[in-house]
Amino acid sequence: MTITKQSSSDGTSLSPALKPRHVTMLSIAGVIGAGLFVGSGHAIAAAGPAVLLAYALAGTLVVLVMRMLGEMAVASPDTGSFSSYAHQAIGRWAGFTIGWLYWWFWVLVIPLEAVAAAAILNAWFPAIATWQFALAITAFLTVTNLFSVAKYGEFEFWFALLKVLAIIAFIVLGAVAMVGALPGREVSGLGTLMATHGGFMPNGFNAVIGALLTTMFSFMGTEIVTIAAAESKNPSKQIGKATNSVIWRIGLFYIVSIFLVISIVPWQDPQLPVVGSYQRALEFLSIPHAKLIVDLVVLVAVASCLNSALYTASRMLFSLSRRGDAPAAFGRTAAGGVPRAAVLASTAVGFATTIANFTMPEAVFSFLLATSGAVALLVYLVIAVSQLRMRRKLNASGQPIECRMWLFPWLTWLVIGFIIMALGIMLMTEAHRMEILATGLLALVVVAIGSWLGARDRSNATLMTASQSR
């Protein structure tokens with residue numbers, strides 16, 4: 001189902017209302033989440049300066065996957081993105097499975113981000129309970145997603161702009177400190193810190209692999225731009241620009257900022273994984289109100305991620321419905337081309353999981369979260385396999401390929417091998433084994449449902465053909 005530019009008045013089409021500046025800012029800041037500002041502290045504490053290798057490897061994987069996705073998305077812009085391409089290239093069961101798993105992933109992001117934002121607000125206003133803040137934030141962003149995609153684009157534009165400005169300010173401040181231009185604030189530098197804290201790879205290569213698995217998931221969300229760009233006026237152009245810019249985005253926002261952090265903060269600092277990399281770096285630079293500054297930035301990043309989670313889950317549900325893999329009601333749009341039923345259904349599950357976070361035993365909720373733990377790698381694997389097969393179809397059709405995957409098919413096969421290896425390492429690593437097993441179990445259930453639906457449809461088609469031939 002390819003998105004067209006027709007009017008949304010027929011009740012089944014999305015509206016191409018996203019402006020180029022919306023898509024541009026989405027592509028620039030879509031990869032920036034709370035994982036960069038806070039979660040990176042855990043990766044640095046685990047791997048030391050060698051965390052740069054983990055980010056470089058994970059970033060390279062994302063760049064290659066985005067290039068493959070870009071090739072398919074430019075040829076056929078679709079709000080279902082990789083789920084639709086899996087349907088076309090591999091089979092209905094693959095599109096069905098990865099679409100529902102991806103939807104589940106973003107539905108589970110809703111309570112995580114809502115609770116993270118609520119915790120910050122509760123610290124400022126303790127009279128209001130965390131769960132009240134969490135539900136209020138989710139409800140507010142749901143309303144913004146119910147009107148038009150332009151509203152989502154506008155909110156996300158400003159969220160993204162603030163995130164970008166915050167990172168640029170941090171990079172400038174860190175660079176100034178590195179050259180000794182901040183009065184009264186001496187920075188040791190990476191070389192000195194390595195010499196006094198165990199060198200570049202103090203905990204060995206296994207620690208780098210562990211950090212790689214952590215950092216890999218911080219990049220999840222980069223692919224959202226190919227879903228959102230399908231609702232712009234010139235999707236092929238917007239997707240092409242977005243996928244081409246992913247290299248410098250990862251290089252600037254992640255590699256440079258993490259390099260500055262490990263040049264300022266000793267990796268063994270016990271507060272680093274507790275308060276996060278950005279806050280600890282600002283504290284080392286004696287910046288006043290470091291915690292408040294980072295809390296404000298993280299609040300914006302979390303709100304942005306929650307906003308995108310609601311949007312992405314609803315669009316994936318809409319695409320599944322349009323392909324007959326979800327109830328038909330979720331494939332209809334209201335005025336302005338918004339799939340309100342899909343938004344409300346995704347939000348309802350998001351509300352339920354948010355409430356579950358406060359009411360369920362921790363072990364039960366942890367298992368729920370674990371079911372989406374390996375979805376990112378499965379999505380990347382499906383994108384790579386789909387691109388291998390769709391390239392053959394594109395070549396056979398003679399359709400010009402405007403955005404080509406580099407060194408095809410060798411890099412595509414390399415990505416497939418790397419992902420399979422990463423999944424195997426996760427299975428053998430105690431800290432990640434539950435994620436693999438839980439995600440695998442959920443995937444098997446979804447595959448079984450998809451296969452049953454496919455068999456039912458084939459049986460119905462056979463009966464209909466036989467009936468017509470009589």
Side-chain angles (χ1 to χ4, degrees), residues 31 35 57-69 72-73 78 80-109 112 209 212-224 226-227 309 312-313 315-317 319-320 323 325-326 367-390 412-429 431-451 454:
V31 75
L57 285 170
T60 301
L61 173 67
V62 172
V63 166
L64 294 176
V65 168
M66 282 297 291
R67 186 69 181 187
M68 288 185 276
L69 183 56
M72 296 183 289
D78 192 308
S81 189
F82 49 83
S83 174
S84 296
Y85 307 139
H87 185 119
Q88 299 169 36
I90 304 173
R92 180 181 177 180
W93 68 270
F96 178 93
T97 302
I98 208 64
W100 278 109
L101 288 177
Y102 192 70
W103 175 83
W104 179 240
F105 174 90
W106 284 108
V107 162
L108 284 182
V109 165
L112 292 178
I209 296 297
L212 171 65
L213 298 175
T214 301
T215 58
M216 205 175 293
F217 298 106
S218 67
F219 290 113
M220 190 66 168
T222 312
E223 70 289 336
I224 291 176
T226 63
I227 296 173
T312 308
R315 274 16 180 218
M316 186 56 71
L317 190 55
S319 177
L320 286 165
R323 301 199 306 270
D325 290 336
F367 178 78
L368 274 181
L369 294 180
T371 59
S372 68
V375 167
L377 286 173
L378 291 181
V379 166
Y380 293 162
L381 182 61
V382 165
I383 289 172
V385 174
S386 298
Q387 189 260 337
L388 268 178
R389 296 193 170 195
M390 282 196 73
T412 302
W413 279 112
L414 181 64
V415 167
I416 291 172
F418 181 84
I419 294 171
I420 293 173
M421 180 188 72
L423 289 169
I425 292 173
M426 286 182 69
L427 184 60
M428 291 184 291
T429 306
H432 296 279
R433 187 173 298 132
M434 177 56 74
E435 297 172 20
I436 287 289
L437 295 176
T439 305
L441 177 62
L442 179 62
L444 287 175
V445 171
V446 178
V447 167
I449 295 172
S451 300

Treating [X] as the side-chain partner and [Y] as the backbone partner, does any N or O pair qualify as donor plus acceptor under 3.5 Å?
X	Y	value
Thr439	Thr371	yes
Arg433	Leu427	yes
Trp100	Asp325	yes

Worksheet item: Hey, mind stepping through Arg315 and Ser319 against side-chain hydrogen bond (donor to acceptor under 3.5 Å, both in side chains) and telling me if it holds?
Response: CA-CA 6 Å; Arg315 274 16 180 218; Ser319 177; over 6 Å; no
Do the side chains of [Y] and [X] get nearer than 4.5 Å, heavy atoms only?
X	Y	value
Trp106	Ile224	yes
Leu423	Ile436	yes
Ser386	Met72	yes

Spatial distance of atom [atom1] ([X]) from atom [atom2] ([Y]) [nearest 0.5 Å]:
X	Y	atom1	atom2	result
Met426	Glu435	CE	CD	4.5 Å
Ile383	Ile416	CD1	CD1	11.5 Å
Met68	Met390	CE	CE	13.5 Å
Leu437	His432	CG	NE2	13.0 Å
Met316	Ser83	CE	OG	5.0 Å
Leu414	Leu64	CG	CG	7.5 Å

Taken in chain and number order and not counting sequence neighbours, the residues that satisfy ring-ring contact (aromatic ring centres under 6.0 Å, His included) with Tyr85 are none
Minimal non-hydrogen separation, [X] against [Y], with atom names:
X	Y	value
Gly95	Leu320	O-CD2, 4.1 Å
Leu112	Leu108	CG-O, 3.5 Å
Ala384	Thr412	O-CG2, 3.5 Å
Leu381	Ile420	CD1-CG1, 4.4 Å
Leu212	Ala58	CD1-N, 3.6 Å
Arg389	Ala89	CD-O, 3.1 Å

request  = Classify the angle between the aromatic ring planes of Tyr102 and Phe105 as parallel (below 30°), tilted (30 to 60°) or perpendicular (above 60°).
outcome  = parallel
Residue set satisfying side chain to side chain donor-acceptor pair (under 3.5 Å) with Trp93, at least two apart, ordered chain then number -> none
Applied to residues 372-381, the side-chain hydrogen bond (donor to acceptor under 3.5 Å, both in side chains) test, sequence neighbours excluded, yields none
Phe418 and Leu61: side chain to side chain contact (heavy atoms under 4.5 Å, CB included), yes or no, with the steps? CA-CA 9 Å; Phe418 181 84; Leu61 173 67; 4.0 Å; yes
